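The structure appears right after this line, and notes come after that.
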2 protein chains.
Amino acid sequence: MTTPLKIVSWNINSVRFRLDIVETFLRDMAPDILCLQETKVVDQDFPTDSFRALGYTHIMLHGQKMHHGVAILSKVPLVEDDRFDWQANQEARHVGVRLESGMRIENVYVPAGGDVPDRAVNPKFGQKLDFLERMTQWSQGLTVPTLLVGDLNIAPLESDVWSHKQLLKTVSHTPVEVAAMDRLKASNSWVDLGRHFFPAPARLHTWWSYRSVDWTVNDRGRRLDHMWATADVAAKATRHHVYEECRSWLKPSDHVPIMTEFAI
Amino acid sequence: MTTPLKIVSWNINSVRFRLDIVETFLRDMAPDILCLQETKVVDQDFPTDSFRALGYTHIMLHGQKMHHGVAILSKVPLVEDDRFDWQANQEARHVGVRLESGMRIENVYVPAGGDVPDRAVNPKFGQKLDFLERMTQWSQGLTVPTLLVGDLNIAPLESDVWSHKQLLKTVSHTPVEVAAMDRLKASNSWVDLGRHFFPAPARLHTWWSYRSVDWTVNDRGRRLDHMWATADVAAKATRHHVYEECRSWLKPSDHVPIMTEFAI
DNA sequence: GAGGAATCGG
DNA sequence: CCGATTCCTC
């Protein structure tokens, strides 16, 4: 048996501002592949050298100025790549690659959706739901072994949030978003790897707001970051982990990295 | 004979952002009185505790949000204070105090005057000239021993700037501004203490733009900061010094402190 | 060039 | 709350 393949997803909230902690993470945890969201940098300014120096020589970027931006950094070869623009609005929210094994990795940053969970008064909420719908159409046609990772900005289950009741009208946990996410999930053989390894009602969070002084005090987290695998890929998953400790690092992202290990 | 009284004036360009270097300066140079301009802070947010801790327990503030703002910090008692609003526009550009000796200190921040030295097209230039005119009217009525200090934003003499010819059309060294400053000076028994101790054509600068990478390279300075004393006060001045080294400190102001010592 | 604030998106 | 950007002033 070969050594397992470690794949990490992390909403980094500006890769340049947080280069220190990303480097620390890569040195300590040594994943084979790192998928980043919210890199907030155009491709020409992406700090590729820092990643190359750590052995991540295969780099696929889809950045834009100021907002959004995704990236895949890998120690193992990436043989193909795509940058979908599902909403044809030039927002850099997806980059996809194929590994030599044939498995694809699709790295996605779903729109946050604004504050008010109402399409009529908040266009951003509408955009979020539309984005999920376009992803669903794409997912229906998928036929290759695929790992979908990223910040999906939805915490679907009661145990995905610190208080189901208090967040029912909060964007990221509203029934209409969860329903949209459920349709996406049902559109293929998707396995939610987080819940595969830590079934509900286990507490599982990946994001804690910057707005509380100490994120650990009331632990008001949400599970916004996900890894979904098509059944063939999920069958090879051996381990899943959420690096909560990164939320306490100096100048942290509000999201922490999540990791799945595959026997490939 | 008593120990001399050391009085410093410094345009600090945000007293909060530069608290470190102000504290260092006070510890090292130990003036009795520090007059600041461009404190850029409302009175309630002024870091008074830091100054009290260093022995500057007598504090007179005239601050405003974001722009301008002046302050007098003193180890010796301040027995009276004024905040003039010469242009009745609520800009915090003056604070004045009286010492127990009877001498007054008037701390002023004259408007910079914008880029174009033409009243017709640049209202800020007009405001600057108007401000000097109002100061002149005030100065004419002055009858008490007075030390006027501050950022007057004018370098009147050829040797007050790095190049008289190249700056003749640059705001701060235009003939019209110099004429206005001359009228102010002539309106009382004012003695320009800088030039009293370092007569022209000696080089005497107090400000170097942030825009050059290394301020020392071409030494493109200007003398924008001044100390003027009425004749009775000037007679007691024993020493004058410009702390140029502060321009090389970490996170410097673009102005450096100037100091006059008095045998009082 | 540098600081501060307002704005936007999170 | 946080980061990035834009605007303004000096």
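Keep in mind that what you see is a predicted model, and the values were worked out from it rather than measured. Order of the sequence lines sets the chain letters (A, B, ...), proteins ahead of strands, with each chain counted from 1.
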- Base, sugar-phosphate, or nothing for Lys251(B), non-hydrogen atoms under 4.0 angstrom?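 Counting heavy atoms under 4.0 Å across all strands, no contact is made by Lys251(B).
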
- Task: Looking at every strand, decide which applies to Arg222(B) at a 4.0 Å heavy-atom threshold: base, sugar-phosphate, or nothing.
- Result: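 Answer is nothing: Arg222(B) stays at 4.0 Å or more from every strand.
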
Value in whole Å for how far the [atom2] atom of [N] lies from [atom1] of [X]:
| X | N | atom1 | atom2 | result |
| --- | --- | --- | --- | --- |
| Asn11(B) | dT9(D) | CG | P | 17 Å |
| Trp207(B) | dT9(D) | CH2 | P | 17 Å |
| Glu38(B) | dA2(C) | CD | C1' | 11 Å |
| Glu91(A) | dC8(C) | CD | P | 16 Å |
| Arg211(A) | dC2(D) | CZ | P | 11 Å |
| His68(B) | dC8(D) | NE2 | P | 15 Å |
| Leu19(A) | dG3(D) | CG | P | 15 Å |
| Asp151(B) | dT9(D) | CG | C1' | 13 Å |

- Query: Which pair of heavy atoms, one from Arg222(B) and one from Val171(B), lies closest together, and at what distance?
  - Reply: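 That closest heavy-atom pairing would be NH1-O, 3.6 Å.
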
- Task: Please work out which of the three classes, parallel, tilted or perpendicular, describes the rings of Trp86(B) and Phe84(B), given edges at 30° and 60°.
- Result: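 Ring orientation of Phe84(B) relative to Trp86(B): tilted.
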
Are a donor atom and an acceptor atom from the side chains of [X] and [Y] found within less than 3.5 Å of each other?
| X | Y | answer |
| --- | --- | --- |
| Thr206(B) | His255(B) | no |
| Glu177(B) | Thr174(B) | yes |
| Gln87(A) | Gln127(A) | yes |

- Message: Just verifying a value: how many Å separate Arg18(A) CZ and Ser253(A) OG, rounded to the nearest 0.5 Å?
- Response: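 Between atom CZ of Arg18(A) and atom OG of Ser253(A) there are 5.5 Å.
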
Pairs under 3.5 Å (N/O, protein and nucleotides 4-7 of chain C):
unit_1	atom_1	unit_2	atom_2	d
dG4(C)	OP1	Ser14(B)	OG	2.4
dA6(C)	OP1	Lys65(B)	NZ	3.3

- Item | Arg247(A) (side chain) donor-acceptor with Val256(A) (main chain) under 3.5 angstrom |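 Looks like no, no N/O pair under 3.5 Å.
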
- Message: If you only use heavy atoms from C-beta on, which nucleotide in dC10(D), dG1(C), dC2(D) is closest to the side chain of Tyr210(A)?
- Response: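 Minimum distance to the Tyr210(A) side chain belongs to dC2(D).
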
